[in-house]
Number of protein chains: 2
Amino acid sequence: MISSIAELIADRIGAMPAGERRAAQTLIASYPLIGLKTVAEFSAAAGVSSPTILRFVARLGFQNYSEFQSSLQDELAAQLQSPAIRTLNPPAPAGGSASPMLEATLDNMRETFRHLSDKQLADIAARLAERRGKTFLIGGRFTDPLARYMAAHLAVIQPDVFHLAGQESMWRDRLIDMGKRDVLVIFDIRRYQDSLVRFAEKAHQRGVQIVLFTDQWLSPIARFARHVIAGRTAVPSAWDSSAALFVVAETLIGAVTLQLEADGARRIREMEGLR
Amino acid sequence: MISSIAELIADRIGAMPAGERRAAQTLIASYPLIGLKTVAEFSAAAGVSSPTILRFVARLGFQNYSEFQSSLQDELAAQLQSPAIRTLNPPAPAGGSASPMLEATLDNMRETFRHLSDKQLADIAARLAERRGKTFLIGGRFTDPLARYMAAHLAVIQPDVFHLAGQESMWRDRLIDMGKRDVLVIFDIRRYQDSLVRFAEKAHQRGVQIVLFTDQWLSPIARFARHVIAGRTAVPSAWDSSAALFVVAETLIGAVTLQLEADGARRIREMEGLR
DNA sequence: CAAAATACGTAACATACGATACAGCGCTCC
DNA sequence: GGAGCGCTGTATCGTATGTTACGTATTTTG
């Protein structure tokens with residue numbers, strides 16, 4: 001079975017005329033980047049004319065050049081997004097690694113943090129630590145526990161931390177307490193909940209700064225969010241995994257704590273005394 | 001020093017207007033592929049207009065969109081050519097790693113699963129899937145969200161799943177419903193809560209099978225537990241990490257789901273139909 | 001060796017793409 | 001509360017790009 005364009009080329013390169021073969025070889029040599037550039041650049045790199053390139057992609061079975069490029073991009077996307085399948089060769093059973101679930105989860109975390117700069121985390125932590133206003137947290141059907149988890153920790157080290165629980169109508173009543181100085185932390189992954197989106201929109205209209213934890217496809221709430229954390233959620237299971245978001249949440253909790261300690265927050269010192 | 005566009009964005013995202021920030025977040029979320037597509041596609045994905053995308057790349061310092069795309073391609077080329085240096089973010093200065101928090105968490109997970117045999121997980125999953133009795137879940141101050149998370153999932157695929165919330169006196173009243181056929185899942189890490197220990201003991205006396213999620217030093221509840229999952233919790237932070245336990249929980253959820261599907265549970269089939 | 005078929009490049013064409021001008025809007029700051 | 005500024009989207013324009021037609025070169029075959 002042929003799963004990549006590279007294989008497809010290898011399969012048919014024998015039946016190609018000279019010019020197209022040069023195109024094929026050029027593409028393989030720096031796969032797949034040349035294929036993402038323009039026809040003119042591709043043809044120049046291969047030392048042939050533009051039409052030859054087009055005939056080449058046509059011979060591979062594509063209707064036009066765009067379709068060919070889209071395929072390459074999809075392939076690249078699949079590679080970049082799932083590090084586990086990055087290598088063409090099976091990824092070294094290395095100890096026969098027990099759980100594919102665990103492997104996927106670890107990859108998700110690495111990927112999530114790869115797309116998350118230290119600076120971004122520091123910014124969010126600073127915003128949460130800066131105690132001008134209140135902090136609200138809320139989550140969706142399966143992610144609300146993450147909101148609770150974060151709220152439980154933050155509430156220990158600073159005042160005015162509220163987890164929004166219960167019915168939609170209950171949160172809506174809290175909107176009236178929210179303003180520009182406040183922060184709303186929302187967890188929302190597929191399938192995105194309309195109620196949350198509506199709530200986020202209203203909060204946004206009131207000037208509340210939103211920190212969104214979502215998946216890589218971005219909840220529509222991203223539209224209103226000041227900060228977006230996009231975590232990987234794909235695992236070999238019937239469910240999506242929130243583990244990567246969980247780890248980001250823990251990291252943030254740690255950063256906020258550190259920040260407050262550095263600020264010499266009296267609350268922290270008092271707390272130590274109480275232990 | 002700034003070596004990748006991703007870093008450049010992270011550096012300047014704070015100083016961007018809302019629309020451009022959405023562009024930035026969209027790009028980071030599926031880096032760098034969206035940036036290789038057309039302006040129209042990029043803008044659609046970000047939910048903004050084309051000019052906003054162009055202003056975004058201009059703000060990053062590029063003369064035009066092509067120059068921006070070329071940079072992305074060069075970056076990608078460098079990345080693809082040397083598979084060893086795959087990471088886009090500063091590739092972990094050998095030990096000093098960007099996020100020691102992440103490294104510690106990943107280690108914790110590997111360690112946790114190393115001490116956790118497949119058979120043990122399978123046994124617990126089987127016990128949870130075998131639907132003779134009820135399933136109760138409860139957690140401590142910071143771990144209760146984990147219990148909620150697990151309950152939220154299990155409740156979807158099987159009946160008689162209850163999360164025990166609220167005051168201690170409230171759970172105690174539920175003891176009367178518990179018997180030999182039932183399972184109680186408890187999350188308890190340092191500092192172990194007396195209330196939970198007392199509750200576990202009483203449940204144990206009633207013949208309830210206890211599945212305990214705890215840390216490597218083992219909560220006193222381990223004494224009464226049928227199954228013990230000991231997760232690593234140490235991280236460079238003021239708090240302990242529950243991430244490893246979280247991943248075990250997700251793994252179990254997946255395993256139970258699979259088991260029930262295999263059993264051909266009618267509920268699962270009906271659920272699919274409802275989607 | 002001749003004639004036909006295939007391959008390839010040049011040049012003209014049409015489309016879709018990036019770029020720009022402009023107007024409406026919201027926000028901040030007096 | 002009003003004036004100014006900055007941000008964003010709509011509509012338009014010019015152009016770079018993919019595409020096609022056609023003529024020449026090259027190879028193949030009888």
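Order of the sequence lines fixes the chain letters, A, B, ..., with proteins taken first and strands second; residue numbering starts at 1 for each chain.
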Review item, side-chain donor-acceptor pairs of residues 174-186 of chain A, under 3.5 Å, at least two apart:
from	atom 1	to	atom 2	distance (Å)
A:R174	NE	A:D177	OD2	3.3
A:D182	OD1	A:K134	N	2.6
A:D182	OD2	A:G179	N	2.8

d([atom1], [X]; [atom2], [N]) in whole Å:
X: B:E20; N: D:dG9; atom1: CD; atom2: C1'; value: 13 Å
X: A:R21; N: C:dA7; atom1: CZ; atom2: P; value: 11 Å
X: B:M16; N: D:dT8; atom1: CE; atom2: P; value: 11 Å
X: B:F42; N: C:dC17; atom1: CZ; atom2: P; value: 16 Å
X: A:K37; N: D:dA16; atom1: NZ; atom2: C1'; value: 16 Å
X: A:R223; N: D:dC7; atom1: CZ; atom2: P; value: 18 Å
X: A:L36; N: D:dT17; atom1: CG; atom2: P; value: 15 Å
X: B:R22; N: D:dT8; atom1: CZ; atom2: P; value: 10 Å

Seminar exercise, completed: Against the side chain of A:S66, the closest entry in D:dT19, D:dT8, C:dC8 is D:dT19
Exercise. Do the non-hydrogen side-chain atoms of B:P32 and B:E75 ever get within less than 4.5 Å of each other?
Worked result: no
For this session: Show your reasoning for whether side chain to side chain donor-acceptor pair (under 3.5 Å) applies to A:D215 and A:Y192.
Result: CA-CA 10 Å; A:D215 54 32; A:Y192 312 117; 2.7 Å; yes
Exercise. Side-chain donor-acceptor pair under 3.5 Å between A:R127 and A:Q209, yes or no?
Worked result: yes
Exercise. Taking it one step at a time, do A:E250 and B:S241 satisfy side chain to side chain donor-acceptor pair (under 3.5 Å)?
Worked result: CA-CA 7 Å; A:E250 280 195 337; B:S241 163; 2.6 Å; yes
Seminar exercise, completed: Residues passing the ring-ring contact (aromatic ring centres under 6.0 Å, His included) test with B:F62, sequence neighbours excluded, are B:F68
Seminar exercise, completed: So, with a heavy-atom separation below 4.0 Å from DNA chain C, the residues of residues 48-65 of chain B are B:P51, B:L54, B:N64, B:Y65
